[in-house]
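As the structure is a computational prediction, the values presented were derived from the model and not from experiment. Count residues from 1 along the sequence.
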Amino acid sequence: MSDLHHRVAETHAILTRIARDFTPAVFASSLAAEDMVLTDLILKAKLPIGIFSLETGRLHAETLSMVERVKENYDYDIALFRPQPEAVERYVADHGLNAFYDSVEMRKECCRIRKVEPLGRALAGNKAWITGQRRAQSSTRAELAVQEDDQGHGMQKFNPLADWSEQDIWDYLRQNDVPYNALHDRGYPSIGCEPCTRAIQPGEDVRAGRWWWENPESKECGLHVVDGKLIRIKSVAAEATPQ
C-alpha cells in the first residue's frame, strides 16, 4: 500500500469513528485544498457529518464559487454562517473598514466578529468538530494532534489530516478529480479573507500569505485559540479504528 493510500485509509477510519461515536459532528471547511479532501471523503462515504463554512463577507469570489461547485459535484449544500451585521457595522463605524491593518488587536477583533463568533453558532449543539489543519502548514501548528479535547468549545476536535504533506493533498485531489479553489493555481496555498491574503513567493511558508504584515507567531485568526493560546489543551489518542 502506498503512503497516500495508507493515509487515506487512516483518515477514512478517523472520520468513520467520528460519525459513529461523536454524532452530531460537523466539519468546518474553509473551501481550500485540504478541506476539499475531507469534503470528498465525507460525502463519497455518505457519512452523517455536516459541513459548514464561515462566510465572512470579505471572501474572494473564487472561494465563494466553491460552494456552488460542491453543490454541482456532490449535490450537497454547504451551510454558511455569517457575522452579525450589527457587529460588523459597529466595527467599521468605529475603526474603519480595513482597520485590521493597523494592529494585531484590530485584526483579531475583526476575525472575532467575522469568524470566531459565527463559529460558536456553527458548533453549538455538536459533540465534535473537524478541521483541515496540518502540522506542516506553519510553526504555530507543529504540535497539532489528530484528536484534541477542545475545552473552549466543550467538545472533541479532530484534525484528520494532521500528518498529511502538501504533496499528499495535491496527489489526492488530482487522482480523485476533486474540484479546488482556482486561487491555488495563482500562488495561494492558504486562503482566507481577500484583504488579508496574498500570493506567496517560492520557498515561503505556506501560510506566509496570511496576514503577511504580522509576525509569524501571531498568524492565527482565533478559531483555534482560547485565552490567547492555541487550543492544545489535551491531546487524545486517535489510533483506534472502527470495529
Asn181 and Tyr188: side-chain donor and acceptor closer than 3.5 Å?
-> no
Indicate whether any N or O donor in one side chain lies under 3.5 Å from an N or O acceptor in the other, for Thr197 and Trp211.
-> no
Would you check if there is a donor-acceptor pair between the side chains of Arg114 and Gln84 at a distance under 3.5 Å?
-> no
Are side-chain heavy atoms of Asp150 and Trp129 found at a separation under 4.5 Å?
-> yes
Residues Asp3 and Arg7 bridged, charged N to O under 4.0 Å = no
Evaluation steps, salt bridge (Lys or Arg N to Asp or Glu O under 4.0 Å), between Glu109 and Arg112 = CA-CA 5 Å; Glu109 176 62 8; Arg112 184 192 68 77; 2.8 Å; yes
Can you check whether Phe158 and Phe27 have ring centres sitting under 6.0 Å from each other?
-> no
How many angstroms lie between CZ in Arg198 and OG in Ser190, if you round to the nearest 0.5 Å?
-> 11.5 Å
Ion pair check, Glu117 and Arg121, cut-off under 4.0 Å | yes
Do the side chains of Leu43 and Ile18 join up, straight or via other hydrophobic residues, at under 4.5 Å, putting them in one cluster?
-> yes
Using a strict cut-off of less than 4.0 Å between a Lys/Arg side-chain nitrogen and an Asp/Glu carboxylate oxygen, indicate whether Arg82 and Glu55 qualify as a salt bridge.
-> yes
Ring centroid separation for Tyr91 and His95, is it under 6.0 angstrom?
-> yes
When hydrophobic residues are tied together by side-chain contacts of less than 4.5 Å, even through go-betweens, does Tyr76 share a cluster with Val178?
-> yes
